[in-house]
Number of protein chains: 2
Amino acid sequence: MSLELTPVQAVACCSPLSREPLSEEAAEQASVVLKALGDPVRLRLMSLVASHEGGEACVCDLNDAFELSQPTISHHLKVLHEVGLLDREKRGVWVYYRARAEVLQNLASLIGGQAA
Amino acid sequence: MSLELTPVQAVACCSPLSREPLSEEAAEQASVVLKALGDPVRLRLMSLVASHEGGEACVCDLNDAFELSQPTISHHLKVLHEVGLLDREKRGVWVYYRARAEVLQNLASLIGGQAA
DNA sequence: TGTAGATATTTACATGTGTCTATGTCTCTT
DNA sequence: AAGAGACATAGACACATGTAAATATCTACA
């Protein structure tokens, strides 16, 4: 168990962008999460999972939504998972990804929030 | 005057991520704005400008905040300007960038918003 | 046990990106 | 008009990234 903050933990730590200048460290971490969402395929994947019933979706559902190879979708899901935007759970043969709503909330607060 | 939507206009058009799947077009446009924020230097620049008094800052102030060359800062400001996150105004010898707060708000709503 | 199906990993490659140096443009001042 | 300062642009280069084909791993079931 490392003492390092994961990117998503760091996102939750700060005042909104517009309130005070982001520290170098906070910017470094938050930008990792934003970069993960800064790809059209990953943004749609995130939206597909988050808007799916129960906030989770099977990879089998996701592959069909794109005209991309299965390894490519797998790669994008891995990126979203690694920055903490998606949780991953294997159930039998299938793998389910679940959107971490609180992470999206924290990110939204960082970008547009009024509060401290 | 083109009929194409700029990225920031497109960001304001949609339900939140988690409400319904983002359309391919909406994702394409929103991801451009998110990608612009997905760099630590640009994120800090955006924060510096947005949190500066009056919501605007002179390039001369911004250059000193980084250990990067002046052209590099200029390049990042251009990226933020091109996606519509920063307005640009020349006053005499100086150039002022102004944060577009409503764009940040719309983006925050897209990511974490509860409303339609 | 062996075969089929779902997902991940590896490898490779073309393209994109962040940075710098050098140079250009514009504006004020002398 | 000529020089100086603020900012932008152009060009170059190392490195990151999105994608696909081939392959591996894991699980269920016959």
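Model, not experiment: these values are computed from the prediction.
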message: If we ignore hydrogens and angles and just use 3.5 Å, is the side chain of A:H81 paired with the main-chain N or O of A:D87 as donor and acceptor?
response: no
field: B:L48 side, atom CG; B:D61 side, atom CG - distance, nearest 0.5 Å
entry: 9.0 Å
- prompt: If you look at every strand shown and take non-hydrogen atoms under 4.0 Å, does B:R91 touch a base, only sugar-phosphate, or nothing?
  reply: nothing
message: Within this structure, what is the CG-CE distance for the pair B:L34 and A:M46, rounded to the nearest 0.5 Å?
response: 11.5 Å
task: Tell me which residues in residues 65-72 of chain B put a heavy atom below 4.0 Å from DNA chain D, sorted by number, or none.
output: B:Q70, B:P71
message: Per the side-chain hydrogen bond (donor to acceptor under 3.5 Å, both in side chains) rule, what does the pair list look like for residues 32-60 of chain B, sequence neighbours excluded?
response: B:R42-B:H76, B:E56-B:R91, B:E56-B:R98
statement: Quick note, disulfide (SG to SG under 2.5 Å) partners involving residues 61-103 of chain A, not counting sequence neighbours, are none
task: Assign B:H75 to base, sugar-phosphate, or nothing according to its heavy-atom contacts below 4.0 angstrom with the strands shown.
output: base
statement: chain B reaches DNA chain D, atoms under 4.0 Å from its heavy atoms, from D:dA6 to D:dT9
Minimum heavy-atom distance between A:L86 and A:V49, given as atom pair plus value: CD2-CG1, 3.9 Å
Interatomic distance, B:L77 atom CG to B:N63 atom CG [nearest 0.5 angstrom]: 8.0 Å
field: Range on DNA chain C touched by chain B, heavy atoms, distance below 4.0 Å
entry: C:dT17 to C:dC28
- line: Contacts of A:G92 and A:G38 projected onto DNA chain D by closest heavy atom; the upstream (5') one is A:G38
field: Any residue meeting salt bridge (Lys or Arg N to Asp or Glu O under 4.0 Å) with A:E20, in chain and number order, not counting sequence neighbours
entry: none
- prompt: Going only through I, L, V, M, F, W and Y residues with side-chain contacts under 4.5 Å, is there a path from B:L80 to B:L68?
  reply: yes
- prompt: What is the distance from atom OG of B:S23 to atom CD of B:Q29, rounded to the nearest 0.5 Å?
  reply: 9.0 Å
task: Could you check whether B:Y96 gets within reach of a base, just the sugar-phosphate, or nothing at all, counting any heavy atom under 4.0 Å?
output: nothing
